[in-house]
Amino acid sequence: AEYMGWRCLCCQPFQKAMKFVDEAFIDIAAGDGGSGCVSFRHEKYKEFGGPNGGDGGRGGHVYAVADINLNTLVDFRFSRRHHARNGEHGMGSDMFGAKGDDIMLKMPVGTILTDAETGEVL
């Protein structure tokens with residue numbers, strides 16, 4: 001007996017065939033660097049002050065890593081957006097911003113990354 005494409009489990013076991021995914025379109029973006037800080041030091045008994053703003057942290061990188069334990073791109077079929085973290089902003093007192101976290105995309109060995117707009121192999 002069938003009902004809307006589903007088989008009755010008491011008559012026959014339902015087995016869904018697993019698809020082999022060999023192509024996936026994903027959106028990748030590296031993190032932006034943090035903004036620097038413009039700040040000037042001023043103390044009551046110091047004759048000369050001066051600038052003391054810190055630089056912003058670097059944005060995170062995106063790495064594509066080959067993994068011999070993977071054989072399909074099914075992980076990228078449902079999670080298409082991959083974005084590395086942004087760097088934090090600089091602060092006064094010569095404090096630099098923290099760097100953004102990197103992300104690693106694990107892919108099967110032999111995966112070819114191409115730019116969708118230009119067709120250039122990355």
Side-chain angles (χ1 to χ4, degrees):
E2 288 191 13
Y3 179 70
M4 294 177 50
W6 293 87
R7 293 183 185 169
C8 177
L9 293 178
C10 62
C11 300
Q12 295 177 350
F14 178 77
Q15 294 181 358
K16 186 175 180 182
M18 185 173 161
K19 287 184 170 182
F20 179 76
V21 180
D22 64 346
E23 185 177 56
F25 293 96
I26 60 175
D27 186 22
I28 300 172
D32 293 330
S35 300
C37 175
V38 177
S39 172
F40 291 93
R41 187 176 113 189
H42 175 73
E43 295 180 21
K44 185 174 183 180
Y45 295 107
K46 295 281 185 180
E47 187 173 345
F48 297 105
N52 71 342
D55 295 334
R58 71 160 179 83
H61 298 287
V62 178
Y63 296 105
V65 180
D67 188 357
I68 60 172
N69 297 320
L70 296 175
N71 56 10
T72 66
L73 295 172
V74 73
D75 296 335
F76 298 107
R77 178 67 72 173
F78 301 107
S79 61
R80 294 180 182 228
R81 177 84 174 137
H82 301 278
H83 185 270
R85 305 262 321 187
N86 295 334
E88 292 185 12
H89 303 299
M91 294 174 272
S93 301
D94 291 323
M95 291 191 284
F96 292 90
K99 67 177 184 175
D101 293 333
D102 300 334
I103 60 172
M104 293 189 178
L105 302 176
K106 293 184 179 181
M107 301 179 179
V109 176
T111 302
I112 299 173
L113 300 175
T114 57
D115 188 348
E117 295 176 358
T118 63
E120 177 186 3
V121 176
L122 304 175

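Excluded from the calculations below are hydrogen atoms, water molecules and symmetry mates; all remaining heavy atoms, backbone and side chain alike, are included.
- Separation of atoms CZ (R85) and CD1 (I103) is listed at 11.0 Å; rounding is to 0.5 Å.
- I28 is listed as a side-chain neighbour of L105, based on a closest heavy-atom distance under 4.5 Å.
- M107 contributes atom CE, which lies 7.5 Å from atom CG of L73 (distance to the nearest 0.5 angstrom).
- Partners of D101 according to the side-chain hydrogen bond (donor to acceptor under 3.5 Å, both in side chains) rule, which considers only residues two or more places apart in sequence or in another chain, do not exist here.
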Between side-chain atoms of residues 59-68 and protein atoms elsewhere (two or more places apart, or another chain), which donor-acceptor pairs fall under 3.5 Å?
from: H61; atom 1: NE2; to: R58; atom 2: NH1; distance (Å): 3.3
from: D67; atom 1: OD1; to: N69; atom 2: N; distance (Å): 3.1

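- In this structure, T114 has no side-chain hydrogen bond (donor to acceptor under 3.5 Å, both in side chains) partners at least two apart in sequence or on a different chain.
- Residues N86 and H83 approach most closely at OD1-CE1, 3.7 Å, considering heavy atoms.
- Atom CZ in F76 sits 14.5 Å away from atom CZ in R81 (nearest 0.5 Å).
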